**Q** 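Handing you a structure now.
Just so we're clear, the structure is a prediction, and the values are computed from it rather than from any experiment. Side chains are part of it too, since the values below use all heavy atoms of this structure and drop only hydrogens, waters and symmetry mates. Order of the sequence lines fixes the chain letters, A, B, ..., with proteins taken first and strands second; residue numbering starts at 1 for each chain.
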Protein chains: 2
Amino acid sequence: MTIKPAKTMTLSDIARLAGVSESTASRALRDNPVINAQTRQKVQQIAADHQFKVNATARSLRTQKSHTIAVIILFDAKTQQAITDPFLLDILGVIADELTRQGYDMLLSTSKTTDKDWRSYYFDSKRADGLIVIGQGEHDERVEQLSNAGVPFVVWGAATGTERFPVIGSDNRQGAQLAVTHLLAQGCKRIAFLGDIRHSEIEMRYLGYQDALQAAGIQPEAKLQLNTDFTAQAGYLQTQQALFSELGSLDGIFAASDAIAMGAMKALLEHGIKVPQQLALVGFDDIAMSAYCTPSLTTVKQDTHAGGKLLVAQLLSRINGGKAASQLLPVKLIERQSSLRKE
Amino acid sequence: MTIKPAKTMTLSDIARLAGVSESTASRALRDNPVINAQTRQKVQQIAADHQFKVNATARSLRTQKSHTIAVIILFDAKTQQAITDPFLLDILGVIADELTRQGYDMLLSTSKTTDKDWRSYYFDSKRADGLIVIGQGEHDERVEQLSNAGVPFVVWGAATGTERFPVIGSDNRQGAQLAVTHLLAQGCKRIAFLGDIRHSEIEMRYLGYQDALQAAGIQPEAKLQLNTDFTAQAGYLQTQQALFSELGSLDGIFAASDAIAMGAMKALLEHGIKVPQQLALVGFDDIAMSAYCTPSLTTVKQDTHAGGKLLVAQLLSRINGGKAASQLLPVKLIERQSSLRKE
DNA sequence: GGCCATATTGCAATCGATTGCAATATGCTG
DNA sequence: CAGCATATTGCAATCGATTGCAATATGGCC
């Protein structure tokens, strides 16, 4: 077995080996031009030879920057499992890539909305320079508090225009309107809404649903809105149970997420209901699987790529003394088989 | 607007306010019984009143522990997007929850397998006390190196029994064997394998596939093994293109992941091939969506919950001076519609 | 040769906690 | 009341880097 240096190298070791002071070594390693070019070369070479890595902790303490962003995924206490929705994975992946590109580390935390204070945990303790909060959840008052406390943070959620902190998110209302208008254009007359409107993004989608119906002169029926968790299972059960009595007269469903839509689709097909002929179905998100179920799922595509990049960009700008602004991202209707009635 | 303390509190502020020394304050905050109970009470009260949080950076520097674990998700350079497979999300969620429960923070990193050295980035720099590596990828030699360098780490991957570092993973070979034996029992004679065998977990699954065929006296055909990325799209394209000429004589497909299987299913249905009557299909993982596609997908369930907990437990044991051992987790065949030919 | 500008390097303080050891106070024993 | 054990607290060093400022060296100019 190879003998490895028992202790990890410190800057002072490198300095000694190079025959310079710690300050010179420190500057040389960061390629500070005030240091003689040859000295820099030499120090860097020695550091590389000994696999020296700057102790991030010491640096953070001294510079008062952690170069770390905490990403907090909020979820309902009742949903036990933390991260379930594939959509979260999408946006999380983009954020991770983007933070890496910008030289930041990412602390990931899933937090029950009832949990203790993650602001002070991550920010006051200097674990992170800023926060990205995913999902405002059901009007979480703690998010409001953040804005007062001088914590740099951005939220992925519903930008209603009234909140006092930067929110980036899809134009949920418009997306829902597109979806429902599309269903109406396909001839649907009675359309159910599956989604939990206590969640602010979903609330916006429900508003869009109502907009579209009213624009077509249809009065929304409250009993066609069914609170449904973000899982295929919830979509399945809700369709099978709550919608059962209505199924006969229903000819469209707008689900607040693709996962819910897929659950609903399963229930419909099991009941022998033909999709889209008897009942047309539209989801929201455009997760990867949506194109590959049968029939493939019409949905509203969220631009996760733009969203993730924007979240990171805004947060970093805020951290560097600038402002972070709310922004509404355009969405796009992706028409697939689940809603397209030929001719 | 509320006036907030301009500067964050430090231990020395608390000490001054409480009229004690920093050392007493430090001990009091951690409830060290050597400090008088009343003093402890007082200091803790003052700290709470001022929302004081210990500076994690300073503590880490002094104690030489970060109380942070880095989770590295390896992926192929060619697959651009970082985290795509829903299965990853499952296990990641479990790990996140478990680390939180144990009082550790989680640094998440997605890394192209070709990327620079994440061992030294996370460990030598003291950003993390240990590493959880997900996916050995295509025999990554860098993982081997870790074992020599005294870095506490565990791998989620294929425990072949020959590796010199702790690997925790499903019994892929057995799982595949279960799946293919099941297909054979359903009357399949000619079964294709969709999955990239350069990836060691998939290689094990391929071995299990071969085991099952040979046990039934069938000689595996090399051309029925098709390297396929972990996406529905890849499964779809591979089935549509590479398997096209064989489709007539094929009556079974074993896909190395559920995502691949769903892509394959789509292609089959588009070709008018009846699943499972003409062709039976089995996947691997048991992601949430598998139960809700139509026909629902028979698959091999990986115990992500046990896996995640075990990864964390073994790593922490290793960090605390103990040993971490490899372990093979049992899997279970979940029979659903995509492979069940009635009677 | 004297003087000043410039280039290069090092000293020492600092970031905010933790901790070994010494110091002090208190109480009990014989 | 001396003497020692115990309870409680504080001093000062330490973790490993960064950085303002001072110190020194070098070169050029008149």
**Q** Compute the bend angle of the helix from dG1(C)-dC30(D) to dG30(C)-dC1(D) from the end axes (five pairs per end), rounded to 10°.
**A**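 Answer for the end axes of this duplex: 60°.
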**Q** Between side-chain atoms of residues 310-321 of chain A and protein atoms elsewhere (two or more places apart, or another chain), which donor-acceptor pairs fall under 3.5 Å?
**A**
from: Gln314(A); atom 1: OE1; to: Ala325(A); atom 2: N; distance (Å): 2.6
from: Ser317(A); atom 1: OG; to: Lys323(A); atom 2: O; distance (Å): 2.8
from: Asn320(A); atom 1: ND2; to: Leu316(A); atom 2: O; distance (Å): 2.9

**Q** Please determine, by modelled atom types, if Ser60(A) and Thr57(A) share a side-chain donor-acceptor pair under 3.5 angstrom.
**A**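 Short answer, no.
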**Q** Evaluate Ile72(A) against Phe153(A) for side-chain contact (heavy atoms from CB on, under 4.5 Å), listing each step before the verdict.
**A** CA-CA 10 Å; Ile72(A) 321 277; Phe153(A) 78 109; over 6 Å; no
**Q** Pairing donors with acceptors under 3.5 angstrom, does anything connect the side chains of Asn55(B) and Thr10(B)?
**A**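 Judged by distance alone, the side chains do not pair up.
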**Q** Can you name the residues that form a side-chain hydrogen bond (donor to acceptor under 3.5 Å, both in side chains) with Gln102(A), not counting sequence neighbours?
**A**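 In terms of side-chain hydrogen bond (donor to acceptor under 3.5 Å, both in side chains), with neighbours along the sequence ignored, Gln102(A) is linked to Glu98(A).
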**Q** Could you run down the sub-3.5 Å N/O contacts of the protein with nucleotides 5-8 of chain D?
**A**
from: dT8(D); atom 1: OP1; to: Asn36(B); atom 2: ND2; distance (Å): 3.4

**Q** Rounding to a whole Å, what distance do you find between Leu29(B):CG and dT18(C):P?
**A** 8 Å
**Q** Crowded around Gln64(A) CD? As in, over 12 foreign heavy atoms under 6.0 Å?
**A**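 Yes.
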**Q** Indicate, yes or no, whether a donor-acceptor pair under 3.5 Å links the base of dC11(C) to the side chain of Ser21(A).
**A**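 Answer no: no donor N or O sits under 3.5 Å from an acceptor.
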**Q** Please tell me which of the listed nucleotides, dA12(D), dA17(D), dG10(C), lies nearest to the side chain of Thr10(A)?
**A** dA17(D)
**Q** So which nucleotide from dT18(D), dT18(C), dG10(C) ends up closest to the side chain of Arg30(A)?
**A**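 In terms of side-chain proximity for Arg30(A), the closest of dT18(D), dT18(C), dG10(C) is dT18(D).
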**Q** If the test is side-chain contact (heavy atoms from CB on, under 4.5 Å), which one of Leu88(A), Ile91(A), Thr304(A), Leu74(A) qualifies with Trp156(A)?
**A** Ile91(A)
**Q** Does Arg27(A) make a side-chain donor-acceptor contact with the base of dG20(D), cut-off 3.5 Å?
**A**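 Present.
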**Q** Specify the residues of residues 54-66 of chain B, ordered by number, for which at least one heavy atom lies under 4.0 angstrom from an atom of DNA chain D.
**A**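 Those residues whose heavy atoms fall under 4.0 Å from DNA chain D, taken from residues 54-66 of chain B in numerical order, are Leu61(B), Arg62(B), Gln64(B).
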**Q** Rounded to the nearest angstrom, tell me the gap between atom CZ in Arg16(A) and atom C1' in dG16(D).
**A** 14 Å
**Q** In whole Å, I'd like the distance from the CG atom of Asn32(B) to the P atom of dA17(C).
**A**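 Going from CG in Asn32(B) over to P in dA17(C) covers 17 Å.
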**Q** Could you go step by step and tell me if Tyr121(A) and Arg127(A) meet the side-chain contact (heavy atoms from CB on, under 4.5 Å) rule?
**A** CA-CA 8 Å; Tyr121(A) 182 76; Arg127(A) 268 171 250 260; 3.4 Å; yes
**Q** Testing the 3.5 Å rule here: is there a donor-acceptor pair between the side chains of Thr8(B) and Lys126(A)?
**A**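 Lys126(A) and Thr8(B) do have a side-chain donor-acceptor pair below 3.5 Å.
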**Q** Only counting residues at least two apart or in another chain, list the ones meeting ring pair (Phe, Tyr, Trp, His ring centres under 6.0 Å) with Tyr104(B).
**A** His67(B)
**Q** Nearest whole Å is fine: how far is dC15(D) C1' from Lys126(B) NZ?
**A**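 Answer to the nearest Å: 10 Å.
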**Q** Round to the nearest Å and state the distance from Glu22(B) atom CD to dT19(C) atom C1'.
**A** 13 Å
**Q** Can you find a side chain N or O atom of Ser26(B) that sits less than 4.0 Å from OP1 or OP2 on dT18(C)?
**A**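 Ser26(B) to dT18(C) OP1/OP2: side-chain N or O found under 4.0 Å.
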**Q** Going through the distances and angles, do Ile134(B) and Ile95(B) end up as a side-chain contact (heavy atoms from CB on, under 4.5 Å)?
**A** CA-CA 11 Å; Ile134(B) 299 187; Ile95(B) 292 173; 4.0 Å; yes
